Number of protein chains: 2
Amino acid sequence: MIRYANESRFVQAVDCIVFGFDGETLKILLIQRGFEPEKGKWSLMGGFVKPNESLEQASTRILKQLTGLDGVYLEQMHTFGDPSRDPMERTISTAYFALIDIHKYEQQLNNDYHPEWFSVKRMPKLIFDQQEMVEMAQRSIRYKAALHPILFELLPKRFTLPQLQILYESVYNTTIDKRNFSKRVLATGLLIKQVEKDKSSSKRGAYYYHLNMQKYYANFQSFLNFIPNPTNLISQ
Amino acid sequence: MIRYANESRFVQAVDCIVFGFDGETLKILLIQRGFEPEKGKWSLMGGFVKPNESLEQASTRILKQLTGLDGVYLEQMHTFGDPSRDPMERTISTAYFALIDIHKYEQQLNNDYHPEWFSVKRMPKLIFDQQEMVEMAQRSIRYKAALHPILFELLPKRFTLPQLQILYESVYNTTIDKRNFSKRVLATGLLIKQVEKDKSSSKRGAYYYHLNMQKYYANFQSFLNFIPNPTNLISQ
DNA sequence: TATTTAAGTGTAAAATTTACATAATAAGTC
DNA sequence: GACTTATTATGTAAATTTTACACTTAAATA
């Protein structure tokens with residue numbers, strides 16, 4: 001087989017920034033790296049791209065290994081290619097961010113990885129340029145979630161308005177008036193009220209809602225403006 | 001030097017989607033590919049990443065080769081890694097889009113490339129997955145320009161409000177009321193009115209404006225909402 | 001049945017966005 | 001030098017959206 005002559009070839013990696021929400025704060029999933037260099041240090045879940053898989057396939061495979069989950073919301077974010085980012089040898093890494101329902105996540109049975117959830121506010125130091133990847137991922141989801149309803153990916157199938165509001169407030173590190181928030185959210189028509197209530201956090205209980213999946217997919221690319229005055233929130 | 005054992009290595013490329021504006025429509029710059037496969041076919045300007053350069057450096061170098069320009073607005077867009085995207089051998093390509101002032105662009109003296117501007121509406125077929133890259137790049141600049149003032153990168157240092165409006169109208173394939181457009185644009189405070197007029201397109205002449213560079217850089221990350229009702233414009 | 005705690009809801013004011021039409025400029029022409 | 005012509009420049013009222021703000025309801029428990 002003819003190949004390009006005189007060109008360099010590099011190891012290609014993917015790294016996944018996996019976000020979850022525990023009802024209070026935004027979290028990311030980290031593992032203790034299983035091989036050198038930096039073996040044992042906290043790092044993102046990543047791996048090398050195999051000869052016959054696409055970048056998407058590689059990240060999906062790796063995410064499945066880490067969380068046991070299929071069908072996860074996964075988005076390519078940025079490719080990091082600084083020549084010296086990996087001290088072992090030049091490695092180009094495409095970073096993906098994933099949003100999962102933290103309660104669907106199942107602890108892996110095998111012992112290769114020891115994943116743990118960390119609050120994005122209190123995270124260990126990460127290897128290589130992964131700190132930068134995580135910061136970019138946080139900016140990315142803030143940016144995207146201000147315009148598109150991606151944060152629902154972090155919630156279980158049924159959720160309450162107070163839960164949703166806490167999620168938005170924690171992602172944007174702000175507080176939102178609950179009357180205005182519920183008007184805004186309900187005006188999208190994305191939510192379907194259920195008859196059951198969640199009584200775990202109050203005596204009165206809060207109504208559960210489901211996503212209207214049809215509208216969710218149809219409107220996903222529209223600008224929704226969930227966040228009041230995004231100008232002040234995004235550009236930090 | 002120790003390297004990762006048993007991992008595959010791939011050729012890494014960058015491809016640049018270079019946008020320009022001729023006063024009427026949005027254009028992109030294409031070259032006739034100089035080597036096999038697909039030699040002679042129209043393609044994006046691209047090249048291989050060298051051992052000691054970053055992806056940004058590679059794309060800047062290639063852009064300089066193509067346009068003769070430094071300091072061009074350049075943004076990483078997406079990495080394309082389908083195993084069979086390049087029939088010669090597996091190549092992973094990171095696509096960047098660039099916005100340049102078409103009048104600053106200088107025809108290259110050397111004969112390696114024969115670049116030509118094509119309207120995005122009437123473009124030749126491109127090689128590999130470059131058609132997809134161009135479509136994604138168009139979506140990207142529409143998306144970004146609805147919120148950030150990137151389109152000024154396509155204009156010369158001084159420009160008129162009618163020119164600016166034609167640019168926005170052509171990017172979004174729409175018409176905008178000129179009273180509302182000028183209010184919207186001037187309200188950002190980004191423009192500084194000059195005393196001279198451009199008399200090339202009317203007897204009366206239209207005032208030139210400059211960008212307020214300080215505000216431009218300061219507000220670049222803010223959401224500016226240049227486009228009325230973006231919901232209808234983006235999600236095509 | 002009284003207390004407690006979180007959920008749920010409405011309205012008026014302010015700000016923003018939209019729709020829409022006419023006057024001004026300056027070159028070229030008669 | 002008055003008139004024609006093409007394009008630029010500008011203002012306002014109505015509609016819509018966003019914001020600010022406080023009390024009632026539900027249901028468990030004491």
Side-chain angles (χ1 to χ4, degrees), chain A residues 23-24 146-147 155 158-170 172 174-210 219 222-234, chain B residues 23-24 146-147 155 158-170 172 174-210 219 222-234:
Chain A
E24 295 193 355
L147 303 165
L155 292 173
R158 60 183 200 172
F159 52 84
T160 67
L161 287 183
Q163 283 166 6
L164 185 65
Q165 180 165 352
I166 290 166
L167 170 56
Y168 273 89
E169 289 180 339
S170 79
Y172 291 97
T174 186
T175 56
I176 308 175
D177 179 89
K178 67 178 169 178
R179 287 162 292 191
N180 293 337
F181 182 78
S182 81
K183 264 183 294 185
R184 201 176 270 271
V185 167
L186 294 174
T188 64
L190 285 175
L191 301 195
I192 302 170
K193 193 176 191 171
Q194 305 302 114
V195 292
E196 312 91 65
K197 286 178 162 184
D198 167 34
K199 299 218 173 144
S200 66
S201 65
S202 77
K203 294 162 183 168
R204 179 177 178 179
Y207 282 107
Y208 281 118
Y209 286 82
H210 284 182
N219 295 349
S222 312
F223 285 176
L224 286 176
N225 194 18
F226 273 107
I227 299 301
N229 196 12
T231 310
N232 302 331
L233 293 168
I234 303 300
Chain B
E24 295 192 356
L147 303 165
L155 293 173
R158 59 182 201 173
F159 52 85
T160 67
L161 287 184
Q163 283 167 7
L164 185 66
Q165 181 167 353
I166 290 166
L167 170 56
Y168 272 90
E169 289 180 339
S170 80
Y172 290 97
T174 187
T175 57
I176 308 175
D177 180 89
K178 66 178 168 180
R179 288 161 291 191
N180 294 336
F181 182 79
S182 81
K183 264 182 295 182
R184 201 176 270 271
V185 166
L186 294 173
T188 65
L190 285 176
L191 300 196
I192 302 169
K193 194 176 193 171
Q194 305 302 113
V195 290
E196 312 91 64
K197 286 178 164 186
D198 166 35
K199 300 219 171 142
S200 66
S201 66
S202 77
K203 295 161 183 169
R204 179 176 177 179
Y207 282 107
Y208 281 118
Y209 286 82
H210 284 182
N219 295 350
S222 311
F223 284 177
L224 287 176
N225 195 18
F226 273 107
I227 300 302
N229 197 11
T231 310
N232 303 331
L233 294 168
I234 303 300

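Just so it is clear, the structure is predicted and the values come from calculations on it, not from any experiment. Here is the naming used below: chain letters follow the sequence lines, and residue numbers restart at 1 for every chain.
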### Task
Return the set of residues passing side-chain hydrogen bond (donor to acceptor under 3.5 Å, both in side chains) with B:T175 (not counting sequence neighbours), or none when no residue passes.
none
### Separation of atom OH in A:Y208 from atom P in C:dG8, rounded to whole Å
12 Å
### Query
D:dT12 P sits how many Å from B:D177 CG, rounded?
16 Å
### Query
Considering residues at least two apart in sequence or located in another chain, which fulfil the side-chain hydrogen bond (donor to acceptor under 3.5 Å, both in side chains) criterion with B:E24?
none
### Task
Please round to the nearest 0.5 Å and tell me the distance separating atom CD1 of B:I166 and atom OG1 of B:T160.
7.5 Å
#### Entry: side-chain hydrogen bond (donor to acceptor under 3.5 Å, both in side chains) partners of B:Q194, counting only residues at least two apart
none
### Task
List for me each residue that meets side-chain hydrogen bond (donor to acceptor under 3.5 Å, both in side chains) alongside A:R204, sequence neighbours excluded, and say none if there are none.
none
### For B:D177, salt bridge (Lys or Arg N to Asp or Glu O under 4.0 Å) partners two or more places apart
B:R179
### Task
Take atom CG of A:L191 and atom P of C:dG8, then tell me their distance rounded to the nearest Å.
12 Å
### Summary
Residues B:Y168 and B:I176: closest non-hydrogen pair is CB-CD1, 4.3 Å
### Message
Between C1' on C:dG8 and CG on A:L186, what's the gap in Å once rounded to a whole number?
### Response
11 Å
### Query
Taking CG from A:D198 and P from D:dA27, how many angstroms apart are they, rounded to a whole number?
14 Å
### Task
Rounded to the nearest angstrom, tell me the gap between atom CD in B:Q165 and atom C1' in D:dT7.
13 Å
### Message
So, OP1 or OP2 of C:dT18: does either fall under 4.0 Å of a side-chain N or O from B:R184?
### Response
yes
### Query
Whole-Å distance between D:dT10 C1' and B:Y207 OH?
13 Å
### Message
Can you list everything that forms a ring pair (Phe, Tyr, Trp, His ring centres under 6.0 Å) with B:F159? Sequence neighbours excluded, please.
### Response
B:F152
### Query
Touch check for A:S201, heavy atoms < 4.0 angstrom, all strands: base, sugar-phosphate only, or nothing?
sugar-phosphate
### Message
A:Y207: which residues meet the ring pair (Phe, Tyr, Trp, His ring centres under 6.0 Å) condition with it, sequence neighbours left out?
### Response
none
Polar pairs (N or O, both sides) under 3.5 Å between protein and nucleotides 11-14 of chain C?
unit_1, atom_1, unit_2, atom_2, d
C:dT11, O4, A:K183, NZ, 2.7

### Summary
Of the candidates D:dT19, D:dA9, C:dT18, the side chain of B:P162 sits closest to D:dA9
### Task
Produce a footprint string for nucleotides 22-30 of chain C: one letter per nucleotide, 5' end first; B if the base is under 4.0 Å from any protein heavy atom, S if only the sugar-phosphate is, - if neither.
--BBBB---
### Task
Would you kindly give the CZ-to-P distance between A:R179 and D:dT18, to the nearest whole Å?
17 Å
